[in-house]
Amino acid sequence: MKLTDLESNWLRESKLDNTLKIIQEQQQHKQQELINIGVEFSQLKSKYKAKNSHHPWQSSNLYYILLKLDCGNLLTDSESLWLKANGLHETDIIAQEIKQFTQLKHKYKVHQYQNSHPDDTLYKILKKLDVNERLNHSEYNWLLNNPLLQTSEIFKQQESARLAEFTALKIKYHITKYQDESISDTLYKILLKIDAELKLIDEEMNWLKQQGFIETINILQELEQAQEFAILKVKYKAEKYADSSPKSHLYKVLKILEAGNQLGEQDINFLKKRQLTKTIEIANQQYIYLLKSKINLGQLFNDAEIAWLNKNGHEDIINIAQRKHFVTLKKKYRLVDPSLPIEPFYEIMLKIEKGERLDPVLVIRLIEEEMLFYAGEIVLAHYKLEAEFYEKEWQRTGNKWHIPTASSYWRKANQPEQSLKITSLNLEKIKESKLKSAILVTRGGAFRDLMKLNDAENCAKKAMEYQPESYQPYTLMGAIDYNRGNYEKGDYWFEQARQRGAKTEDIDNEIKRVIRSTKDEEKRHEAAEYLFRKDANRYCWAKVYLKKVPDNVR
């Protein structure tokens with residue numbers, strides 16, 4: 001305890017100066033000692049990562065715990081719990097590392113080594129030796145220089161064992177020509193992975209290829225296939241099949257199943273002969289699941305799939321698929337009638353999907369019965385298929401009479417541009433006037449569809465020149481004038497057509513098509529008014545177009 005001034009004065013007055021001097025020296029020494037302890041405590045906190053602790057050394061267990069660690073002593077469980085409770089987790093980790101370091105020193109008989117801090121080189125070396133990991137040259141030399149000969153001898157023994165293992169692996173995996181005995185190279189690590197049945201990464205496979213180790217790659221692939229084969233046998237209940245070689249036909253069969261494909265008759269017989277009935281059941285269930293998923297996706301079964309379902313008694317799945325596909329196709333071809341029967345419409349749409357021609361008589365009958373709209377998606381698709389058919393026939397046979405037929409169908413398919421394309425040819429090379437006229441009439445019709453009426457008129461007049469007695473050019477001229485609003489002139493041309501053999505019914509149908517296709521409401525009303533005044537009975541159908549035209553249209 002520090003002397004008070006009163007006590008110091010009393011000693012002086014009592015002439016006990018030597019006593020006072022001794023007491024003061026002791027107190028100064030004690031004060032310096034306390035300062036030194038404080039510095040040491042600060043250093044220990046930094047060394048053992050306890051800087052965040054603000055405990056004074058006099059009133060804390062920390063100083064004594066850190067002193068204990070610095071002397072290489074192990075902490076008790078209660079001391080470790082104290083560190084955790086006070087948030088000194090990093091310090092506790094170091095303590096655990098020191099504990100492991102101490103255990104490794106005992107294990108490798110270097111317990112006489114004084115330093116116990118985890119940053120020490122020996123700790124890193126011992127950890128490597130403990131997991132049979134190679135030391136680098138500097139680490140090995142460090143052992144020799146310290147000297148820790150017993151530890152270096154352990155490393156040499158491990159090196160010998162590794163070298164023997166490497167040699168055995170090279171023989172096992174057909175790399176006996178490889179002369180580099182260094183066990184630290186890439187090859188040793190790759191062979192260890194292969195032997196442990198671990199999958200190689202792409203870089204390792206590429207390295208083997210670059211080194212020319214083809215036999216090793218083949219062995220590796222066989223091992224991988226054998227592993228896959230074993231897994232597939234379990235998955236598909238074929239474990240009782242004894243042959244485990246990837247060259248077995250069963251492996252190929254199971255690979256087909258794994259890819260989600262159907263087994264062929266030969267493969268099914270192979271499974272039957274080996275009494276792998278459970279494998280067949282799984283294959284069938286898997287195939288049915290695949291087919292049902294096609295139904296959910298709105299996809300169509302092919303002929304082989306339908307045949308398989310029929311053979312295995314799953315006609316119900318076929319019916320479900322067809323009805324669902326029918327709904328999908330109805331939406332695609334805009335058949336909104338919910339009461340529409342599946343036949344013949346499903347077969348019709350299937351043919352269109354496959355690009356097959358339809359029966360023209362059936363299509364016409366369905367249009368007449370108003371079960372198909374004359375400009376609906378199915379009818380347009382039918383016309384397109386017919387146009388493509390006759391165009392190919394012309395290219396195949398050279399018969400130019402297919403040109404006006406194909407052109408006419410392109411027009412009906414609402415693709416007049418294609419009609420113009422196929423009729424764009426040099427008529428001078430065609431000898432038959434009748435054929436020239438037919439081509440010009442359908443070409444003029446395509447121009448009229450595009451409202452290029454002057455071009456249409458030129459085609460009609462040239463067609464008249466080539467075949468004056470054909471009614472078709474005159475019908476075209478009548479339609480052109482009706483498009484222009486020249487109804488009386490149009491009637492003149494229609495009358496010329498009638499005199500040359502055109503049926504009144506066909507002329508009326510052409511007039512009806514003209515008015516129906518007119519987009520201008522006012523012109524349509526005007527044409528209907530003209531016809532109704534001309535013959536109300538004959539043109540009674542025009543009444544529907546006699547509605548009052550709104551002012552904003554006029």
Side-chain angles (χ1 to χ4, degrees), residues 367 373-377 379-384 386-388 391 403-425 427 436-466 470-497 502 506-532 534 539 541-542 544-547 549-550 552-554:
I367 292 173
F373 179 47
Y374 78 97
E377 297 292 330
V379 176
L380 293 178
H382 160 65
Y383 290 147
K384 181 176 181 291
E386 290 298 298
E388 290 171 344
E391 195 166 331
I403 295 172
T405 306
S407 173
S408 176
Y409 276 118
W410 278 124
R411 287 187 60 210
K412 290 179 180 179
N414 285 346
Q415 296 188 41
E417 297 86 354
Q418 291 295 114
S419 178
L420 292 176
K421 185 177 178 181
I422 194 174
T423 57
S424 178
L425 66 166
L427 295 179
K436 290 180 182 180
S437 178
I439 291 173
L440 285 166
V441 168
T442 186
R443 182 172 177 81
F447 277 126
R448 189 172 72 80
D449 294 337
L450 296 169
M451 293 307 290
K452 295 182 178 180
L453 300 181
N454 290 337
D455 292 327
E457 182 178 349
N458 290 336
C459 288
K461 288 182 176 179
K462 285 182 183 178
M464 291 176 189
E465 293 175 10
Y466 284 121
S470 171
Y471 67 84
Q472 291 174 329
Y474 297 91
T475 303
L476 174 59
M477 278 300 301
I480 292 169
D481 277 318
Y482 259 74
N483 279 127
R484 287 169 169 164
N486 300 331
Y487 308 118
E488 292 181 356
K489 192 174 180 182
D491 286 339
Y492 165 78
W493 291 115
F494 282 134
E495 177 58 25
Q496 294 297 312
D506 292 337
I507 292 172
D508 288 351
N509 286 334
E510 186 63 38
I511 294 172
K512 188 185 292 187
R513 277 193 291 272
V514 171
I515 295 179
R516 184 171 54 218
S517 62
T518 300
K519 296 178 181 179
D520 189 320
E521 292 287 343
E522 188 172 356
K523 280 189 176 182
R524 182 186 289 172
H525 184 273
E526 180 185 286
E529 224 172 29
Y530 168 79
L531 292 171
F532 207 70
K534 181 180 174 183
Y539 301 109
W541 52 266
V544 72
Y545 300 111
L546 291 176
K547 297 176 183 178
V549 180
N552 61 342
V553 176
R554 291 185 180 276

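- By the neighbour-count criterion of 12 heavy atoms within 6.0 Å, atom CD of Glu488 is sparsely surrounded, having that number or fewer from other residues, nucleotides or ligands.
- Side-chain contact between Glu388 and Tyr409: absent, with no pair of heavy atoms (C-beta onward) separated by less than 4.5 Å.
- Taking the ring centre of Tyr492 as origin, the terminal cationic atom of Lys489 falls outside the region bounded by 6.0 Å and 45° from the ring axis.
- Side-chain atoms of Thr442 never come within 3.5 Å of backbone atoms of Ile439 as a donor-acceptor pair (strictly under, hydrogens ignored).
- Minimum interatomic distance between Ala542 and Ala528 (heavy atoms only, all atoms of both residues): O-CB, 3.5 Å.
- Salt bridge annotation for Lys462-Glu465: absent, with no cationic side-chain nitrogen under 4.0 angstrom from a carboxylate oxygen.
- The shortest distance between side-chain heavy atoms of Leu425 and Ile403 falls below 4.5 Å.
- Counting heavy-atom neighbours within 6.0 Å of Lys436 NZ, excluding the residue itself, gives a total above 12.
- Considering OG1 of Thr475 and CG of Asp506, their distance stands at 8.0 Å, rounded to 0.5 Å.
- We find the CG-CG distance between Asp520 and Asn483 to be 11.5 Å, quoted to the nearest 0.5 Å.
- Taking all atoms of both residues into account, the shortest heavy-atom contact from His525 to Leu546 is NE2-O, 3.4 Å.
- Summarising the geometry of Ala413 relative to Lys384, their closest heavy-atom pair is CB-N, 3.8 Å, with the distance given to 0.1 Å.
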request  = Take Glu457 and Arg484 through the side chain to side chain contact (heavy atoms under 4.5 Å, CB included) test and state the conclusion after the steps.
outcome  = CA-CA 11 Å; Glu457 182 178 349; Arg484 287 169 169 164; 2.7 Å; yes

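- Counting non-hydrogen atoms of other residues, nucleotides and ligands closer than 6.0 Å to NZ of Lys421 gives a total of 12 or fewer.
- The minimum heavy-atom distance between Ala456 and Leu476, with the atom names listed, is O-CD2, 4.1 Å.
- Ile507 CD1 to Tyr471 OH: the interatomic distance, rounded to the nearest 0.5 Å, is 9.0 Å.
- Contact between Ile422 and Ala406 at its shortest, heavy atoms only, is CD1-CB, 3.6 Å.
- Between the CH2 atom in Trp541 and the CZ atom in Arg516 there is a gap of 9.0 Å [rounded to 0.5 Å].
- The shortest non-hydrogen separation linking Trp493 to Gly478 is CB-N, 3.5 Å.
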request  = Report the C-alpha distance between Glu526 and Tyr487 in whole Å, list the side-chain angles of each, state the deciding distance to 0.1 Å, and finish with yes or no for side chain to side chain donor-acceptor pair (under 3.5 Å).
outcome  = CA-CA 10 Å; Glu526 180 185 286; Tyr487 308 118; 3.3 Å; yes

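- Annotation: the span from Tyr530 atom OH to Lys523 atom NZ amounts to 16.0 Å, rounded to 0.5 Å.
- In this structure, the side chain of Arg448 does not engage the main chain of Leu453 through any donor-acceptor pair within 3.5 Å.
- Between Phe494 and Tyr474, the ring center distance fails the sub-6.0 Å criterion.
- Looking only at side-chain heavy atoms (C-beta outward), Thr423 and Phe447 stay at 4.5 Å or farther from each other.
- Side-chain contact check for Pro473 versus Met477: every heavy-atom pair is 4.5 Å or farther apart.
- To the nearest 0.5 Å, the span separating CG on Asp508 from OH on Tyr539 amounts to 4.5 Å.
- At least one donor-acceptor pair closer than 3.5 Å links the side chain of Arg524 to the backbone N or O of Thr518.
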task = Start with the C-alpha gap between Asp455 and Leu450, add the side-chain angles, then the distance that decides, and say whether side chain to side chain contact (heavy atoms under 4.5 Å, CB included) holds.
result = CA-CA 10 Å; Asp455 292 327; Leu450 296 169; over 6 Å; no

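- If you run side-chain hydrogen bond (donor to acceptor under 3.5 Å, both in side chains) between Trp410 and each of Glu417, Glu391, Gln415, only Glu391 comes through.
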